[in-house]
Trainee: 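If you scroll down you'll find the structure; I have some questions about it.
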There are 2 protein chains.
Amino acid sequence: MGNVKISDVAKKAGVSTATVSRVLSGKTTVDPILRDRVLKAVEETGYKPDRVARSLRKRQSSIIGLIISDIQNPFFISLVRAVEDVAQKHGYIVMLGNADEDERKEREYIQVMISERVAGVIVSPSREYNDPCEDLVKAKIPLVLVDRRVPGLDVDTIVVNNTWAAQQLVMHLIEHGHRRIGAVLGTSIVATGRERREGYVQALLQYGFPIIPNLIKVGPPPPSGANREDTGYRLTMELLNAKERPTALFTGTNLLTIGALRAIQEKGLSIPEDIALVGFDDIDWMPVYNPSITVAAQPTYHIGRIAAEMLIARIQGDESPAQEIVLQPEIKIRRSCGQHVSINCDK
Amino acid sequence: MGNVKISDVAKKAGVSTATVSRVLSGKTTVDPILRDRVLKAVEETGYKPDRVARSLRKRQSSIIGLIISDIQNPFFISLVRAVEDVAQKHGYIVMLGNADEDERKEREYIQVMISERVAGVIVSPSREYNDPCEDLVKAKIPLVLVDRRVPGLDVDTIVVNNTWAAQQLVMHLIEHGHRRIGAVLGTSIVATGRERREGYVQALLQYGFPIIPNLIKVGPPPPSGANREDTGYRLTMELLNAKERPTALFTGTNLLTIGALRAIQEKGLSIPEDIALVGFDDIDWMPVYNPSITVAAQPTYHIGRIAAEMLIARIQGDESPAQEIVLQPEIKIRRSCGQHVSINCDK
DNA sequence: GTGAAAGCGCTAACAC
DNA sequence: GTGTTAGCGCTTTCAC
């Protein structure tokens, strides 16, 4: 057992290896009598097809590559789970790569995936331009992008409407009477960072408020870690230590939010009395935090599920034009902004 | 490019495929002149070895299988990251399986991993007995167990001293003057659940306090979800709604802690004034929670790193006897128990 | 509908 | 030190 091969089964069933293969693939009709003999032999020998040999011969494995830009980021956990769920359901297995926001690592993983003849790949690209994803396209390996677009790459992409969500969040703050709203954002090198900043700006402009550069703090580009907790802490501290402290804060990612929370606490400020807070990404503890935190929740599991389903459709031959799917985050109003206050917009 | 094979390189360099293979593997000496010619040809053609063909021929791939019992559990995130880091460093790639606390899925994944001829596997077993991990041993595939032991399976295992940690946590509560200490625990079907319960009991016994069964709530076995947040919520509610409410709570996993927090909040109780809290597992927000939460922090990244390193050593031929490594959690005293109070132990 | 045989791309004997 | 060759275990023509 374990090292039974197809020829053993064939011998036992008194047929050729071709017939065994045919029975197992189920793609051709086989005489029911032979079929039963084969199945019985498979059963008795405990035969398990060698997936490596199969991959070599078919020039394609049953592996789905999943390359994410930062496995530490809670955003990706549900994504990984979703991809894994869908893959498993369709008989695929997930090969994981953590690019760590490092283009070199991403490129390396993509090469490995190609070399492993994966059936398809889901990538959250670390860069927008000259992305190594092109190699996958060249190798004709189906590809789905998540979280970030790669302009010029004509492949299925699933993103979230960051601008809209950020705008809603900041408008929520404005409607609570806030005028000095600080922003703690991820690097503008990645689109998500830029878009969330854009949403912040849009919201202010919509109400005719000025954009005050000093209130906008943007983290350094990776790999130094734009989304790290300590970045959130540091940037928030800068904001809180300024002469004119903001009365509200918009944080651009979950990790930045945690850092901001730490800074606020260290300054002895309380939410929402001293400072209001809205953030991006919803994590399990946020509704339980005291006070619960108003956020834009990304449909991460959903993103992963759709990505995996689209990918598998492509693997199975779907030739339709590449789609871009834009998912809407859910704005979860909670208690970190205090009571709703009607404001006079004419002023 | 992409579909260049070893024979193309050989032709270009004017040598045999064997020589190309030898140059690339570096295991035999090759004439420097030929070597350079080969390297140049590899460069020019952009040759990348086909990992599938190599795996078939060598009867072993460069893949490390990682089968975890619940990917949703934050505990495993750092573990995955660590394994991925170490694997990458050694030229291996990680194949991920989420068993979802389901023995059937675990068995399935193990079969797939065997069939993919993975070089080794790291598993957090879903069951203690009749675990499908035995199949890996039979197939002579190196195996390292993490988080949970499988009695009778003589393989490297990395666990954490749950009993000790739980005991420390509960003693901390006792030293703060608490007598009625509730416990919200994961199922006793898994060792971690049992051991943490044991630690709770030990702490009480050590101080000569009675064990009150009504104060011990244990979640249902999987897959119904012993460690789920809603389980924590429900069990905590039972405790809080009892006639004689506990003055302190010990929660056995991170997810249970979140559920407990929600219940406490819903009852309008405040920590630590109305009820003290200590929990298992440290998550990034716990130090930032208000009040920050005293926990036993498992060295999850460390567990993953050691597991991966031991596995790779085994893959590379380490034949030394199987080890069991017991890591010590770190007790992180924070503010969820209030001020330290000296107590009279004679009483 | 079935079997014989070729071959996926590589590595490891084996002979020189 | 190098080339020739035989497979690894499977699927898929191609004849029948």
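Note on naming: letters A, B, ... go to the chains in the order of the sequence lines (proteins, then strands), and numbering restarts at 1 for each one.
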Trainee: Could B:Arg117 and A:Asp50 be called an ion pair, given the rule that one side-chain N must be under 4.0 Å from one carboxylate O?
Mentor: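 Yes, this pair counts.
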Trainee: Can you check the B:Ile114 CD1 to D:dG9 C1' distance for me, whole Å?
Mentor: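 Going from B:Ile114 (CD1) to D:dG9 (C1'), I get 17 Å.
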Trainee: D:dG3 phosphate, OP1 or OP2: any side-chain N/O from B:Thr19 under 4.0 angstrom?
Mentor: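 For D:dG3, OP1/OP2 do have a side-chain N/O of B:Thr19 under 4.0 Å.
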Trainee: I'd like to know if A:Arg148 and A:Glu101 make a salt bridge, using a cut-off of under 4.0 Å between side-chain N and carboxylate O.
Mentor: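 Looking at A:Glu101 together with A:Arg148, the answer is yes, because their closest N to O distance falls below 4.0 Å.
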Trainee: Distance check needed: D:dC16 P versus A:Asp31 CG, whole Å only.
Mentor: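 About 22 Å, once rounded to whole Å.
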Trainee: Which whole-number value in Å describes the distance from A:Arg117 CZ to D:dC10 P?
Mentor: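 Whole-Å distance recorded here is 18 Å.
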Trainee: Could you tell me whether A:Val15 contacts a base, only the sugar-phosphate backbone, or nothing, with contacts defined as non-hydrogen atoms closer than 4.0 Å?
Mentor: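 Result for A:Val15 = sugar-phosphate.
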Trainee: Looking at B:Lys5 and B:Asp8, is any side-chain nitrogen of the basic one under 4.0 Å from a carboxylate oxygen of the acidic one?
Mentor: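 Salt bridge absent between B:Asp8 and B:Lys5.
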Trainee: Assess whether a salt bridge exists between B:Asp100 and A:Arg81, defined as any Lys/Arg side-chain N lying under 4.0 Å from an Asp/Glu carboxylate O.
Mentor: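 Salt bridge between B:Asp100 and A:Arg81, a charged N being under 4.0 Å from a carboxylate O: yes.
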Trainee: Quickly work out the A:Arg37 CZ to C:dG1 P distance and round it to whole Å.
Mentor: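 Rounding to the nearest Å, CZ of A:Arg37 and P of C:dG1 are 16 Å apart.
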Trainee: Let me know the distance between CG of A:Leu56 and P of D:dT12, rounded to the nearest Å.
Mentor: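 That distance rounds to 12 Å.
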Trainee: Please encode protein proximity along nucleotides 10-16 of chain C as a string of B, S and -, counting only heavy-atom distances under 4.0 Å.
Mentor: BBBB---
Trainee: Regarding B:Arg305 and B:Asp85, does a basic nitrogen lie under 4.0 Å from an acidic carboxylate oxygen?
Mentor: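 No salt bridge links B:Arg305 with B:Asp85.
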Trainee: Using a strict 4.0 Å threshold on nitrogen-to-oxygen distance, state whether B:Glu128 and B:Arg149 make a salt bridge.
Mentor: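 No.
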